[in-house]
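Here's the structure, in structure tokens; my notes come after.
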Amino acid sequence: MNIGMRIQNIRKSKNLKVTELAKMAYISQPYLSDIERGRTTPSLDKLQTICEALDISLGDFFGNASEFSPELIQLLENIKRLTEEERTHLAHFIEAIVNRQDT
């Protein structure tokens with residue numbers, strides 16, 4: 001899934017400009033543009049904030065939850081129970097693992 005393209009498609013379907021969504025999600029317009037163009041990937045907490053600004057859940061963002069494995073559904077349910085700070089730490093941890101695998 002192309003996260004940036006998905007954000008852009010939802011944003012456009014809601015007739016929002018990049019600047020409007022960026023303001024609603026408390027992020028900079030250049031950062032949102034970079035996400036939409038695939039130049040960067042948002043952390044989980046930033047994606048959650050963007051989804052909230054778009055008035056959709058993470059489940060809605062990623063499509064039909066029934067398509068997910070039971071393990072992934074459980075993981076998402078567990079993430080919902082974390083505090084904002086814990087989700088931020090988890091997002092950084094996941095990014096570190098992904099970045100380590102890319103090198």
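The chain is numbered in sequence order, starting from 1. Values reported hereafter were calculated over all heavy atoms of this structure, with side chains retained and with hydrogens, waters and symmetry mates removed.
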For residues T49 and I27, determine if any side-chain heavy atom of one lies less than 4.5 Å from a side-chain heavy atom of the other. no

Flag the pair L58 / I79 as yes when at least one side-chain heavy-atom distance between them is below 4.5 Å, and no otherwise. no

Write down the atom of D60, the atom of R6, and the distance for their closest heavy-atom approach. O-NH2, 2.9 Å

Which pair of heavy atoms, one from Y31 and one from S43, lies closest together, and at what distance? OH-N, 4.3 Å

Starting at [atom1] of [X], measure out to [atom2] of [Y] and round the result to the nearest 0.5 Å.
X: R37; Y: M5; atom1: CZ; atom2: CE; value: 12.5 Å
X: S13; Y: Q8; atom1: OG; atom2: CD; value: 11.0 Å
X: I35; Y: N2; atom1: CD1; atom2: CG; value: 11.5 Å
X: D45; Y: I50; atom1: CG; atom2: CD1; value: 9.5 Å

Cut-off 3.5 Å, no hydrogens considered: what does the side-chain donor-acceptor table look like for residues 14-25, sequence neighbours left out?
from, atom 1, to, atom 2, distance (Å)
K14, NZ, L54, O, 3.1
E20, OE1, K17, N, 2.6

Are I10 and Y26 connected, step by step, through hydrophobic side chains (Ile, Leu, Val, Met, Phe, Trp, Tyr) whose heavy atoms are closer than 4.5 Å? no

With the 4.5 Å side-chain cut-off for hydrophobic clustering, are I7 and I56 part of the same group? yes

Partner of E86 under side chain to side chain contact (heavy atoms under 4.5 Å, CB included), chosen from T83, L90, T88: T83

Please check if any side-chain donor atom of Q29 sits under 3.5 Å from a side-chain acceptor atom of S33, or the reverse. yes

Any donor-acceptor pair under 3.5 Å linking the side-chain atoms of R81 with those of N78? yes

Taking L44's backbone N and O only, do any of them form a donor-acceptor pair with R87's side chain (distance below 3.5 Å, no angle check)? no

